[in-house]
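Notes for the one structure printed next.
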Amino acid sequence: MCLKAEIDETAKWKVFEMTNQFESKVALVTGGNSGIGRAIALAFAEQGAKVVVAARRASEGHETVDMIEELGGQAHFVQTDVSKAAEVKAMVTACVSEYGGLDYAVNNAGTEGTPMVPTADYEEEAWDQVIDINLKGVWLCMKYEIPEMLARGQGAIVNMSSVAGMIGGRLGVAYYASKHGVIGATKAAALEYATQGLRINAVCPAVIETPMITRALEGNEDLVEQFRAAHPVGRFGKPAEVADATLWLCSEGASFVTGHSLPVDGGRLI
Ligand SMILES: NC(=O)c1ccc[n+]([C@@H]2O[C@H](COP(=O)([O-])OP(=O)(O)OC[C@H]3O[C@@H](n4cnc5c(N)ncnc54)[C@H](O)[C@@H]3O)[C@@H](O)[C@H]2O)c1
């Protein structure tokens with residue numbers, strides 16, 4: 001079966017038990033219109049949070065909002081390019097004007113970058129695009145989210161890194177550099193605000209079945225098999241599995257966890 005078909009089959013969102021652990025809280029998810037971000041937005045809503053979905057593509061963003069409303073939850077879409085400071089500032093302002101503040105932020109938006117070429121062939125423009133979205137975008141989000149959380153005296157941020165933030169790999173120098181950078185930025189910010197009620201962590205997924213992976217691997221069954229074999233559990237991960245780890249990092253259960261980078265990787269990094 002081709003990868004796309006497998007993803008279509010497995011992309012049904014996991015049904016959560018409604019525990020309402022985030023009831024009346026406000027959660028922001030960047031890149032919440034697709035893949036991992038959409039699963040995180042749905043998971044927050046299923047646990048009772050009001051969700052602000054931020055992303056560039058409006059139609060898919062409204063789709064996530066519709067899915068949340070069908071579940072009986074509350075959500076609001078804000079069109080945002082995370083690489084642009086004014087838009088990120090407006091995104092955080094929308095959390096306050098729509099729902100009165102911000103409790104949790106998942107800075108998930110990211111791009112794989114194209115084309116996949118060796119370091120010496122990588123173009124400056126392609127480098128800038130990946131770094132601007134994946135690394136500067138995460139910093140800009142934290143820059144505007146943190147003051148809102150400090151105003152409440154508490155908050156949790158989860159930044160989306162990758163196993164590519166912990167080990168090297170070929171044909172994606174900007175992606176690997178950006179995801180390593182996300183871990184560095186997470187640690188620095190976690191230290192700065194540790195005594196002020198903020199916890200800031202990162203998650204590091206291995207290969208997860210999303211549109212990003214379809215774009216990267218579609219049509220190359222040998223590569224799919226090679227990547228799959230690199231995961232000791234013998235399969236790729238699902239967006240809902242990254243959502244589970246992300247929500248845990250935001251939860252009271254992780255009250256003593258900050259500055260941590262959590263692999264969600266089926267054993268990939270063992
Ligand atoms: N799928 C994987 O195997 C995998 C593994 C490790 C880490 N990640 C990371 O997970 C995150 C989500 O990726 P995904 O796999 O769900 O892919 P995806 O392509 O489905 O989602 C990427 C999301 O980022 C958004 N985005 C991209 N550029 C943006 C910008 N400038 N402003 C606002 N939003 C922007 C897209 O609109 C989309 O919602 C990314 O940061 C990615 O690097 C993915």
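Every number for a ligand or one of its atoms is a count from 1 in the order of the listing. Remember, it's a predicted structure, so these values are computed and weren't measured experimentally.
In the model, N108 has no side-chain atom that pairs as donor or acceptor with a side-chain atom of T30 under 3.5 Å.
Residues L249 and A202 approach most closely at CD1-O, 4.0 Å, considering heavy atoms.
Of all protein heavy atoms, the one closest to atom 8 (N) of ligand 1 is Y175 OH, 3.7 Å. In this structure, the protein non-hydrogen atom closest to atom 32 (N) of ligand 1 is V82 N, 2.9 Å. Annotation: atom 10 (O) of ligand 1 to nearest protein heavy atom, M160 CG, 3.3 Å. Regarding atom 5 (C) of ligand 1, its nearest protein heavy-atom neighbour is A206 O, 3.1 Å. Nearest non-hydrogen protein atom to atom 26 (N) of ligand 1 is A109 CB, 3.9 Å. Remark: minimum distance from atom 17 (O) of ligand 1 to any protein heavy atom is reached at M212 CB, 3.2 Å. Nearest protein heavy-atom contact of atom 37 (O) of ligand 1 is N33 OD1, 3.4 Å. For atom 20 (O) of ligand 1, the closest heavy atom belonging to the protein is S34 OG, 2.5 Å.
Of the candidates E60, R38, R215, it is R215 that places a heavy atom closest to atom 19 (O) of ligand 1. Nearest residue to atom 11 (C) of ligand 1 from N134, N108, V29 is N108 (criterion: closest heavy atom). The closest heavy-atom contact to atom 24 (O) of ligand 1, among the options G110, C204, A164, S83, comes from G110.
For the pair V51 and I68, the minimum side-chain heavy-atom distance is below 4.5 Å. Between L140 and K89, the closest side-chain pair of non-hydrogen atoms is not below 4.5 Å. When side chains are defined from C-beta on, M142 does not count as touching E192, because their heavy atoms never get closer than 4.5 Å. Counting heavy atoms from C-beta on, the side chains of V117 and L171 never come closer than 4.5 Å. C204 has its side chain within reach of M166: a pair of non-hydrogen atoms, C-beta onward, lies under 4.5 Å apart. Between I157 and R199, every side-chain heavy-atom pair lies at or beyond the 4.5 Å cut-off.
Checking only distances, T111 never comes within under 3.5 Å of ligand 1, N or O to N or O. Residue A55 has no nitrogen or oxygen atom sitting less than 3.5 Å from a nitrogen or oxygen atom of ligand 1, judged on distance alone. Checked against a 3.5 angstrom limit, the closest N/O atoms of I36 and ligand 1 fall inside it. An N or O contact shorter than 3.5 Å is missing between S162 and ligand 1 by distance. Note: no N/O pair closer than 3.5 Å links V207 and ligand 1 by distance alone. Remark: ligand 1 and T210 share an N or O pair separated by less than 3.5 Å (distance only, no angle test). When only interatomic distances are considered, the shortest N/O to N/O separation between G31 and ligand 1 falls below 3.5 Å. Considering backbone and side-chain N/O of P205, none are found under 3.5 Å from N/O of ligand 1.
Residue contact annotation: A54 has no non-hydrogen atom under 4.0 Å from ligand 1. Heavy atoms of P239 stay at 4.0 angstrom or farther from ligand 1. Look at F236 and you'll find every heavy atom at least 4.0 Å from all atoms of ligand 1. Under the 4.0 angstrom criterion for non-hydrogen atoms, T30 is not in contact with ligand 1.
Which parts of ligand 1 touch I133 is read off a 4.0 Å heavy-atom cut-off, strictly below it: atoms 28 (N), 29 (C), 31 (N). Proximity to T80 (heavy-atom distance under 4.0 Å) selects the following atoms of ligand 1: 32 (N), 33 (C). Every atom of ligand 1 is numbered from 1 in the order shown, and the set under 4.0 Å from a heavy atom of D81 is 30 (C), 31 (N), 32 (N). For ligand 1, the atoms sitting less than 4.0 Å from at least one non-hydrogen atom of G35 are 16 (O), 20 (O), numbered in the order shown with element in parentheses. With ligand atoms numbered from 1 in the order given, ligand 1 contributes 7 (C) to contacts under 4.0 Å with heavy atoms of S161. Listed by number with element, the atoms of ligand 1 under 4.0 Å from a non-hydrogen atom of I213 are 1 (N), 2 (C), 3 (O). Within the listing of ligand 1, atoms 20 (O) sit less than 4.0 angstrom from a heavy atom of P211.
The 12-atom threshold is not exceeded at CD of E123, counting heavy atoms of other residues, nucleotides or ligands nearer than 6.0 Å.
Among V182, N107, I36, the single residue meeting the side-chain contact (heavy atoms from CB on, under 4.5 Å) criterion with M160 is I36. Screening T80, V78, T64 for a side-chain contact (heavy atoms from CB on, under 4.5 Å) involving V53 leaves a single residue, T64.
Under a 3.5 Å cut-off, the side chain of N201 and the backbone N or O of V158 do not form any donor-acceptor pair. With hydrogens and angles ignored, the 3.5 Å screen pairs a side-chain donor or acceptor of E241 with a backbone N or O of K238. Counting only distance, with no hydrogens or angles, the side chain of H231 and the backbone of D265 share no donor-acceptor pair below 3.5 Å. Using a distance-only test at 3.5 Å, with no hydrogens or angles considered, a donor-acceptor pair links the side chain of N134 to the main chain of T111.
Remark: K50 does not engage E98 in a salt bridge, criterion side-chain N to carboxylate O under 4.0 Å.
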CA sep, side-chain torsions, deciding dist, call: R38, E63, salt bridge (charged side-chain N to carboxylate O under 4.0 Å, His left out): CA-CA 10 Å; R38 175 173 280 176; E63 236 172 64; 3.1 Å; yes
Worked verdict on R228 versus E225 for salt bridge (charged side-chain N to carboxylate O under 4.0 Å, His left out): CA-CA 5 Å; R228 208 192 307 271; E225 282 322 309; 3.4 Å; yes
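Both the backbone and the side chain of I208 come within 4.0 Å of ligand 1, judged by heavy-atom distances. Residue-level proximity to ligand 1 for K179 is carried by the side chain, the only part with a heavy atom below 4.0 angstrom.
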